[in-house]
Amino acid sequence: MSVLPIRVLGDPVLREETLPVAEVTDELRQLIDDMFDTMYAASGIGLAAPQVGRTERVCVVEVEGAAYALVNPEMVTADGPRDKTEEGCLSIPDVYGDVLRPSRVVVRALDRDGSPFEVAAEGLLGRCIQHEIDHLHGKLFIDHLSFLKRRAALARWEDEKDQYPGFIRIVKAGKSKSKHPEEEL
Ligand code: K1U
Ligand code: ZN
């Protein structure tokens, strides 16, 4: 169980296309578990592999108690009326922007055991899954903003980024969702 350093805007890994996972191994399961730990420690609702410097096509989400590890996720459908809602990103701390996205998605993926499944999601879970799949293709929420709003978001980031030398954000362990708190000792 490890909380991993989070890469922030400016690290080239955030702009790379990820690589499909060929096989769900114990090493990949360890990465998934560490990503959940990191997401909880950072008080996030999602996290994608590039945010911890990895290029595997894998992300994790948890919204209102519904937790998913998504390996090789593929968008099956993205429809419904588009909603505009404010997003943040653990890789662009303290920067926010309104993003327009389809309100409903159906996503197909492999789970932590390598078994295929589909999830249909709307609301915050649907938005979070779209945000994480974007990360797996090197796309960030600021890329969805209008020219002026993106410029404002980047100006805000200019004021923040010096807190993250080497494009690394260290998150303290502590906020844990572990069912076994003694594991944290
Ligand atoms: O991928 C990430 O950077 C995680 C990101 C996911 C996300 C947030 C908001 C909308 C879509 C996707 C975060 O978790 S940032 C933390 C955050 O903004 C948040 C936390 C709890 C509830 C709602 C938002
Ligand atoms: Zn993000």
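Atoms within a ligand are numbered from 1 in the order they appear, just like the ligands themselves.
- Residue I45 has at least one nitrogen or oxygen atom sitting less than 3.5 Å from a nitrogen or oxygen atom of ligand 1, judged on distance alone.
- To the nearest 0.5 Å, atoms CG (D134) and CZ (F141) are separated by 11.5 Å.
- Distances between N or O atoms of Y96 and those of ligand 1 include no value under 3.5 Å.
- Annotation: protein N, O or S atoms under 2.8 Å of the Zn ion (ligand 2) (waters excluded) comprise C89 SG, H131 NE2, H135 NE2.
- Side-chain atoms of Q130 come within 3.5 Å of backbone atoms of G126 as a donor-acceptor pair (strictly under, hydrogens ignored).
- Of the candidates H135, E132, R127, the one placing a heavy atom closest to atom 6 (C) of ligand 1 is E132.
- Taken to the nearest 0.5 Å, the CG atom of N72 stands 5.5 Å off from the CG atom of L110.
- The only member of H135, R7, R169, Q51 that meets side-chain hydrogen bond (donor to acceptor under 3.5 Å, both in side chains) when paired with S91 is Q51.
- Distances between N or O atoms of L90 and those of ligand 1 include at least one value under 3.5 Å.
- In this structure, atom 12 (C) of ligand 1 has protein heavy atoms in its sub-4.0 angstrom surroundings.
- Under the 4.0 angstrom criterion for non-hydrogen atoms, S43 is in contact with ligand 1.
- Rounding to the nearest 0.5 Å gives a distance of 9.5 Å between CE of M1 and OH of Y40.
- The closest donor-acceptor contact from the side chain of R57 to the backbone of T18 lies under 3.5 Å.
- Annotation for ligand 1: atoms under 4.0 Å from non-hydrogen atoms of Q51 are 1 (O), 2 (C), 3 (O).
- Counted within 6.0 Å of CZ on R82, heavy atoms from surrounding residues, nucleotides or ligands total 12 or fewer; the atom is thus considered open.
- The single protein non-hydrogen atom nearest to atom 4 (C) of ligand 1 is G46 O, 3.1 Å, given as residue, atom name and distance.
- Considering backbone and side-chain atoms alike, H131 places an N or O below 3.5 Å from some N or O of ligand 1.
- The contact set between ligand 1 and G44, taken as ligand atoms under 4.0 Å from a residue heavy atom, comprises 14 (O).
- D33 places no side-chain N or O within donor-acceptor distance of the main-chain N or O of Q30, the cut-off being under 3.5 Å.
- Checked by atom type and distance alone, the side chain of D34 pairs as donor or acceptor with a backbone atom of S2 at under 3.5 Å.
- Summarising the local packing, CD of Q163 is surrounded by more than 12 heavy atoms from other residues, nucleotides or ligands at distances under 6.0 Å.
- Remark: side-chain polar atoms of R29 are paired, donor with acceptor, to backbone N or O of R112 under 3.5 angstrom.
- Checked against a 3.5 angstrom limit, the closest N/O atoms of E87 and ligand 1 fall outside it.
- No donor-acceptor distance shorter than 3.5 angstrom exists from the side chain of E160 to the backbone of D94, with no hydrogens or angles considered.
- When the heavy-atom distances from atom 8 (C) of ligand 1 to G88, P50, A48 are ranked, the shortest goes to G88.
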